[in-house]
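Here's the structure, in C-alpha cells; my notes come after.
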2 protein chains.
Amino acid sequence: MSTREKKKAAGIPDGVIGRLPVYYRYLTELTENDIQRISSAQLGEALGITAAQIRSDFSYFGSFGQQGYGYKVDQLLEQIKAILGLNRAYHMVLLGAGNLGRAVASYGNFRNRGFDIRAIFDSNPLLEGNYLAGCIIQPVSRLEHYLSTNKVDIGVLATPREVSQEMCDRLVAQGVKGIWNFSPLRLQAPEDVVIEHMHLTESLLRLSFRLTNPQAAASE
Amino acid sequence: MSTREKKKAAGIPDGVIGRLPVYYRYLTELTENDIQRISSAQLGEALGITAAQIRSDFSYFGSFGQQGYGYKVDQLLEQIKAILGLNRAYHMVLLGAGNLGRAVASYGNFRNRGFDIRAIFDSNPLLEGNYLAGCIIQPVSRLEHYLSTNKVDIGVLATPREVSQEMCDRLVAQGVKGIWNFSPLRLQAPEDVVIEHMHLTESLLRLSFRLTNPQAAASE
DNA sequence: TAGATTGTTAATCGATTAACAATC
DNA sequence: TAGATTGTTAATCGATTAACAATC
C-alpha cells in the first residue's frame with residue numbers, strides 16, 4: 001500500500017475537504033487571468049496556507065505537479081474539479097420556498113456549475129403554481145411522485161425547523177443521498193447519506209463569540 | 001497561572017468555538033422542555049460528542065458543574081450565553097438587498113436574540129425607499145453618514161463579489177469590527193476585525209465532494 | 001548542468017480521549 | 001457514607017510543518 005493509499009484509507013481530514021473549494025476558486029481566478037503556472041509556495045502565499053500543507057493536501061489524491069516547475073494551473077484545476085465531483089451535473093430539488101429557499105433558488109453562483117434545482121416544493125397553497133427560478137412551485141404531496149420518477153442527487157432543505165426532519169426522511173426514503181440543510185437543526189439520517197449544514201445562526205454566534213472574546217481570535 | 005488561564009492564553013481552538021453554538025442550542029431546547037439537570041455524559045450522548053471533550057471545552061471558560069451532580073441546565077445556559085456574547089444587543093447593517101440580503105434581513109432566528117438589522121443599503125436606485133424587514137432601503141452613498149452617527153457592531157455583506165471588498169473597507173474605515181460575509185470572496189481586513197464567512201458555494205462543493213468520495217466520509 | 005520545486009518522510013504541534021483524584 | 005460526576009492531568013491520536021531526497 002502506497003503512502004497515498006494509506007493516507008486516503010484513513011479518511012480525508014475535514015481540514016483538507018474544507019480547503020479543496022478554496023483551491024478550486026483561486027485556481028479558477030488564475031485561469032481567468034491567464035496565469036498558467038504556480039508553485040505551492042505561491043499558492044500558499046496567496047491563500048495564507050503553508051506550502052507544505054498544500055502539497056500534503058494534494059498528495060491525498062495524486063501527484064499533480066512537476067519537480068522544479070510547480071503546477072500547470074489548468075491541469076491542477078481539472079484535477080481538483082474531478083476530485084470535487086464537478087465533472088457531472090447534479091439534479092437538485094428545493095423544499096421550502098420561503099425567503100431562504102427563494103434566495104438559494106435564485107443564487108447564480110452554482111447554477112452554472114451543474115447544480116440544477118429542477119423542482120421546488122412548498123406546503124403553502126398560496127405559493128402553488130408560482131414560478132421561482134424557472135420552476136413551478138409544487139405542493140409537498142407531490143414530492144414522492146417526483147422523486148420516484150426522477151433520479152435526484154441533492155435535496156435542499158429550506159423548511160421550518162419543525163418539518164425538516166420529516167422532509168429529510170422523505171427524501172432519504174426515496175433514495176436521495178445528499179442533503180443541503182439550511183434549517184437550524186441537526187438532521188438524523190443513515191450513514192450513507194451526506195448532510196451538509198448551512199447554519200446561519202451558528203455562524204452568527206461564532207461571530208458574536210469572536211467579537212466578545214477578542215483574545216480568542218487567531219482564526220482565518 | 002492556572003491550567004485554565006494557560007489553555008485560554010493559547011487561544012480557544014476553532015473546534016471549541018464551533019461547538020459552543022451547538023451546546024447553546026441544545027441547552028435552549030432542554031430549558032424549553034423543563035429539563036433542569038444534565039451530565040456531560042448525557043449531553044455528549046445527545047450531541048455525538050465525548051463527555052471528556054465537553055468538560056474540556058467548558059474548562060476553557062470556568063467550572064460550571066458540581067461533582068456527583070452534573071450541570072444545572074439554566075445555569076449552564078446562562079454561562080454559555082455570556083461566553084457567546086448574547087447578553088447584549090448588536091447593531092447591524094445590511095449591505096445588498098438582493099435575494100440573499102432579503103433572506104437574511106427576513107430571517108427571524110437571530111432577530112429575537114438581540115441581533116438587529118437597523119439599516120439596509122443597496123446601490124440599485126429602483127430599490128431605494130422600499131421597505132425590507134422594517135427598514136427603508138438607502139443608497140450606499142449614505143453609508144458613511146449612517147456609520148458616523150450610529151455605533152454599528154456588525155456589517156452583513158450580501159453584495160456582488162466585485163464590490164464586497166470595497167464595502168468591507170468602508171465599513172472597517174468607520175470602525176465596524178464584525179463582518180458577516182455572504183459574498184463568495186475571502187475579504188482582507190485588519191487583524192482586529194472579525195470576519196465570519198457564509199460561503200454557499202464552498203458548502204455545496206463540500207457536499208459534492210462527499211457525494212463523489214463516499215469513502216472520505218467519516219464526518220459529522 | 002545548476003536551480004527549483006515536488007512528493008514524502010520524520011518531527012512537531014495541538015486537539016481529543018482516557019483516567020482518576022477531588023468532592024458534591 | 002456510598003455513588004456519581006466533575007475538572008484536570010497524562011496518554012493518545014491526528015494534523016500540520018519542516019526537512020530533504022528525488023527529479024524535472
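Because only heavy atoms are used, hydrogens play no part in the values below, and waters and symmetry mates are left out as well, while side chains stay in. Chain letters run A, B, ... following the sequence lines, proteins first, then strands; residues in each count from 1.
Counting only residues at least two apart or in different chains, salt bridge (charged side-chain N to carboxylate O under 4.0 Å, His left out) contacts with residues 25-43 of chain B comprise A/Glu202-B/Arg25.
For the pair B/Ile49 CD1 and C/dT16 P, the interatomic distance rounds to 10 Å; values are reported in whole Å. One interatomic measurement links the two molecules: CD of A/Gln53 to P of C/dG7, which rounds to 15 Å at whole-angstrom precision. Taking atom CG on A/Asp57 and atom P on C/dT6, their separation rounds to 13 Å, with Å as the unit. In this structure, A/Asp14 atom CG and D/dA15 atom C1' are separated by 12 Å, rounded to whole Å. D/dT8 atom P lies 9 Å from atom CD of B/Gln67, rounded to whole Å. In this entry the distance linking CD1 of B/Ile54 with P of C/dA15 reads 18 Å, nearest Å. Atoms CD1 (A/Ile17) and C1' (D/dA15) sit 14 Å apart, rounded to a whole Å. In this structure, OH of A/Tyr60 is placed 14 Å from C1' of C/dT9, rounded to the nearest angstrom.
In this model, the phosphate group of D/dG7 is not approached by any side-chain N or O of B/Ser59 to a distance below 4.0 Å at OP1 or OP2. Side-chain nitrogen and oxygen atoms of B/Ser40 include at least one within less than 4.0 Å of the OP1 or OP2 phosphate oxygen of D/dT6.
Distance from the side chain of A/Ser63 is smallest to C/dG7 among D/dT6, C/dT16, C/dG7. For A/Ser39, the side-chain atoms get nearest to C/dT5 when compared with the rest of D/dT17, D/dT8, C/dT5. With D/dT17, C/dT17, D/dT5 as the candidates, the nucleotide lying closest to the side chain of B/Ser56 is C/dT17. Side chain of B/Arg55, nearest nucleotide from C/dT17, C/dT8, D/dG7: D/dG7.
In this structure, A/Arg19 and B/Gln66 both approach DNA chain D, and ranking their closest nucleotides by distance from the 5' end singles out B/Gln66.
A donor and an acceptor atom, one from each side chain of A/Ser208 and B/Tyr90, are located under 3.5 Å apart. Side-chain N/O atoms of A/Gln53 and A/Asp57 include no donor and acceptor closer than 3.5 Å. Neither side chain, A/Arg210 nor A/Asn213, offers a donor N or O lying under 3.5 Å from an acceptor on the other. There is no side-chain donor-acceptor pair under 3.5 Å between B/Ser183 and B/Thr159.
For the pair A/Phe182 and A/His197, the minimum side-chain heavy-atom distance is 4.5 Å or more.
Salt bridge status for B/Asp153 with B/Lys151: present, with a side-chain N to carboxylate O gap under 4.0 Å. No salt bridge links A/Arg19 with A/Asp14; every basic N to acidic carboxylate O contact stays at or beyond 4.0 Å. Salt-bridge annotation for A/Asp192 and A/Lys177: present, with a side-chain N of the basic residue lying under 4.0 Å from a carboxylate O of the acidic one.
Distance alone, capped at 3.5 Å, places no donor-acceptor pair between the B/Thr201 side chain and the A/Phe110 backbone.
DNA chain C is contacted by A/Gly68, A/Tyr69, A/Gly70, A/Tyr71 of residues 68-75 of chain A, taking any non-hydrogen atom closer than 4.0 Å.
Each end of the helix from C/dG3-D/dC24 to C/dC24-D/dG3 gets its own axis from five base pairs, and the two axes differ in direction by 10°, given to 10 degrees.
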